[in-house]
K.L.:
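Have a look at this one before I ask anything.
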Amino acid sequence: MDVTEFEELIDRLGEDLSLWPDDRRVPAEELLAHSSAAQALLEEARALRQALAAPPVRAPKGLADRIAAAAAKMKGDPAEPRTEGETAES
């Protein structure tokens, strides 16, 4: 098995080699024993799986309201819709 085939198998079978069929797992384990490139691919796949399994990142409650309030303060005047081509000075 070469690194390219190993990468394709990770994409198809996943990063948990214990779930691979024996005829694929054994050569993969042999490759991992001496290939730093294969080891790096496996670590990358495991890190990706872990990142995808993590809970989603959520913005703190009220963040959008605080941003809108800060923007309104910076602008200094109430937000009014403008027509196309109109600037704050016109």
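Everything quoted here is computed from the prediction, not taken from an experiment.
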K.L.:
Do the side chain of R12 and the main chain of E7 share a donor and acceptor less than 3.5 angstrom apart?
P.N.:
no

K.L.:
With sequence neighbours left out, write down each residue that passes side-chain hydrogen bond (donor to acceptor under 3.5 Å, both in side chains) with E29, or none if nothing qualifies.
P.N.:
R25

K.L.:
Name all pairs fulfilling the side-chain hydrogen bond (donor to acceptor under 3.5 Å, both in side chains) condition that reach into residues 36-52, sequence neighbours left out, sorted by first residue then second.
P.N.:
E15-R49

K.L.:
Going through the checks in order, is the side-chain contact (heavy atoms from CB on, under 4.5 Å) test met by F6 and L32?
P.N.:
CA-CA 9 Å; F6 181 70; L32 282 168; 3.9 Å; yes

K.L.:
If you look at every heavy atom in R66 and P60, which pair is closest and at what distance?
P.N.:
NH2-CB, 4.1 Å

K.L.:
Taking all non-hydrogen atoms of both residues, which atom of D2 and which atom of L31 are closest, and how far apart?
P.N.:
O-CD2, 3.7 Å

K.L.:
So, for A28 and M1, which heavy atoms are closest and what is the spacing to 0.1 Å?
P.N.:
CA-SD, 3.7 Å

K.L.:
Calculate, to the nearest 0.5 Å, the distance between atoms CG and CG belonging to L9 and L41 respectively.
P.N.:
11.5 Å

K.L.:
Output the rest of the hydrophobic cluster of L63: all Ile, Leu, Val, Met, Phe, Trp and Tyr residues reachable through side-chain heavy-atom contacts under 4.5 Å, sorted by chain and number.
P.N.:
I67

K.L.:
Could you check whether any side-chain heavy atom of L13 comes within less than 4.5 Å of a side-chain heavy atom of L19, counting everything from C-beta outward?
P.N.:
no

K.L.:
Given W20, which partner from the list L17, D22, D16 fulfils the side-chain contact (heavy atoms from CB on, under 4.5 Å) test?
P.N.:
L17

K.L.:
Ignoring hydrogens, what is the shortest heavy-atom contact between V3 and A38? Give both atom names and the distance.
P.N.:
CG2-N, 4.3 Å

K.L.:
Can you check salt bridge (Lys or Arg N to Asp or Glu O under 4.0 Å) on R24 and E5, steps first, answer last?
P.N.:
CA-CA 10 Å; R24 300 293 189 187; E5 182 182 2; 2.9 Å; yes

